[in-house]
Amino acid sequence: MGQRIDIGIDGGGTGCRVLVEVGGREAMAEGGPANVVTDPTAAEAAIRETMLEALGAFGLGLDNLEDARIVAGLAGCRLPGVADAFAMRMPVLAYVVDDSVTALEGAFGGANGTLVNLGTGSFFIRRDKRGIIHQGGWGFVLGDEGSAAWLGREALSQLMRVEDGRLPLYDDDPLRSALWDACGGDHPVTFASKASPDQFAALAPMIYDLTSPWAKHLQRRTEAIVFQGLNAIEHPSGEPWALTGGFGDALARRLRGRPAASLRSPDGTALDGALSMARALP
């Protein structure tokens, strides 16, 4: 065709998205889960299929991508060797990075800044004169502090202390019965033994919808962890920062307007960031 082709890819455990730009026109497609850590074969298939769908809008296929610029931001690629190993599996030459890097690129349009992402999991990332500083994002079992899944697990952990009589202050708190109901008839320990991170995360909106003392305590604890994370990556006090992710959006509504928060809206998404990085390739 003779026209430059730039492609951005965003992928993780819940799905993948591909954004193709040809001659100033864009086409986007969404596909299935792309967990490059637990199932790289399925991730490769999902990305390949989604890429073909987006390319189809221009009458293109994989055979047309010999000189295309492709950047893929994929969850889990901070782990040593994962990005390089998955790049070798891609059907065409691609630059593969962790999705936190493309999210930061999208949020600040390539400029320096600090991004906190709170979804089912969490991460804190900042770019300044030192380069990129990245903390968190190590998954539900070993980290993801401040995330929706972390909050749901913390609430159930405290519920067991309430049932033991160790937190009598919350005996009559509405959150107590709400958490029992959310376990669907199971004992909280039984629920927790089978629950996925997504199921723990599903408890977070309920906690933020309540205004009871216990719910407010958990809300304040979550917000404290966010500001602790900002300090840990040396975000300068008073400098604007961005908060993204499904749970992050809910928290942003609470923090926005507070002088200490200094929140700004992100310029774009991780998918926008991936495409922007692709455009910057020579």
Side-chain angles (χ1 to χ4, degrees), residues 1-36 40-77 82-84 86-113 115 117 119 123 125 127 132 240 242-246 248-249 252 264-282:
M1 287 181 59
Q3 296 189 82
R4 176 165 171 139
I5 302 171
D6 294 311
I7 300 176
I9 301 170
D10 177 48
T14 57
C16 63
R17 298 180 298 158
V18 174
L19 183 59
V20 176
E21 182 178 70
V22 180
R25 295 167 51 223
E26 295 181 358
M28 197 268 282
E30 299 185 38
N35 191 319
V36 300
T41 300
E44 178 196 350
I47 290 172
R48 179 193 294 264
E49 181 179 338
T50 309
M51 191 185 304
L52 283 170
E53 182 180 345
L55 288 167
F58 301 101
L60 299 174
L62 297 181
D63 293 341
N64 302 108
L65 301 184
E66 182 177 349
D67 296 321
R69 280 72 166 179
I70 304 171
V71 172
L74 308 175
C77 282
V82 170
D84 289 342
F86 194 76
M88 296 296 293
R89 302 184 67 111
M90 291 284 284
V92 290
L93 181 65
Y95 178 46
V96 179
V97 297
D98 190 74
D99 62 341
S100 60
V101 176
T102 50
L104 179 66
E105 177 78 17
F108 290 92
N112 289 345
L115 173 67
N117 182 275
F123 64 77
I125 187 168
R127 176 163 48 209
I132 289 181
L243 185 57
T244 58
D249 291 343
R264 55 157 284 179
S265 296
D267 292 339
T269 67
L271 185 61
D272 297 322
L275 182 61
S276 175
M277 291 175 67
R279 290 186 189 123
L281 293 176

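Bear in mind that the values here come from a model prediction, so they are computed numbers and not experimental data. Nothing fancy with the numbering, it's 1 onward along the sequence.
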Spacing of [atom1] belonging to [X] relative to [atom2] belonging to [Y], to within rounding of 0.5 Å:
| X | Y | atom1 | atom2 | answer |
| --- | --- | --- | --- | --- |
| Glu21 | Ile7 | CD | CD1 | 10.5 Å |
| Asp98 | Leu74 | CG | CG | 8.5 Å |
| Met90 | Ile47 | CE | CD1 | 5.5 Å |
| Ser100 | Leu115 | OG | CG | 8.5 Å |
| Phe108 | Arg127 | CZ | CZ | 9.5 Å |
| Ile70 | Met51 | CD1 | CE | 5.0 Å |

* **Salt bridge Arg279-Glu105, side-chain N to carboxylate O under 4.0 Å** => no
* Taking NZ, NE, NH1 and NH2 as the nitrogens, is one of them in Asp6 or Arg69 under 4.0 Å from a carboxylate oxygen of the other? -> no
Minimum heavy-atom distance [X]-[Y], with the two atoms named:
| X | Y | result |
| --- | --- | --- |
| Tyr95 | Met277 | CE2-CE, 4.0 Å |
| Ala87 | Ala94 | CB-O, 4.0 Å |
| Cys77 | Val96 | SG-CG1, 3.8 Å |
| Ala27 | Ala54 | CB-O, 3.7 Å |
| Glu44 | Arg89 | OE2-O, 3.1 Å |
| Arg264 | Pro240 | CG-CB, 3.9 Å |

* Answer yes or no: does atom CG of Leu93 have more than 12 heavy-atom neighbours from other residues, nucleotides or ligands under 6.0 Å? => no
* Asked: Sub-3.5 Å donor-acceptor pair from the side chain of Thr50 to the main-chain atoms of Ala46, do we have one?
  ->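 Yes, the answer is positive, given that a donor and an acceptor are paired below the 3.5 Å cut-off.
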* To do: Let me see the working for Thr102 and Asp99 under side chain to side chain donor-acceptor pair (under 3.5 Å), right down to the final yes or no.
  => CA-CA 5 Å; Thr102 50; Asp99 62 341; over 6 Å; no
* Side-chain heavy atoms of Leu55 within contact of Asn64, under 4.5 Å -> no
* Residue that, paired with Val18, satisfies side-chain contact (heavy atoms from CB on, under 4.5 Å) out of Ile9, Leu52, Asp10 -> Ile9
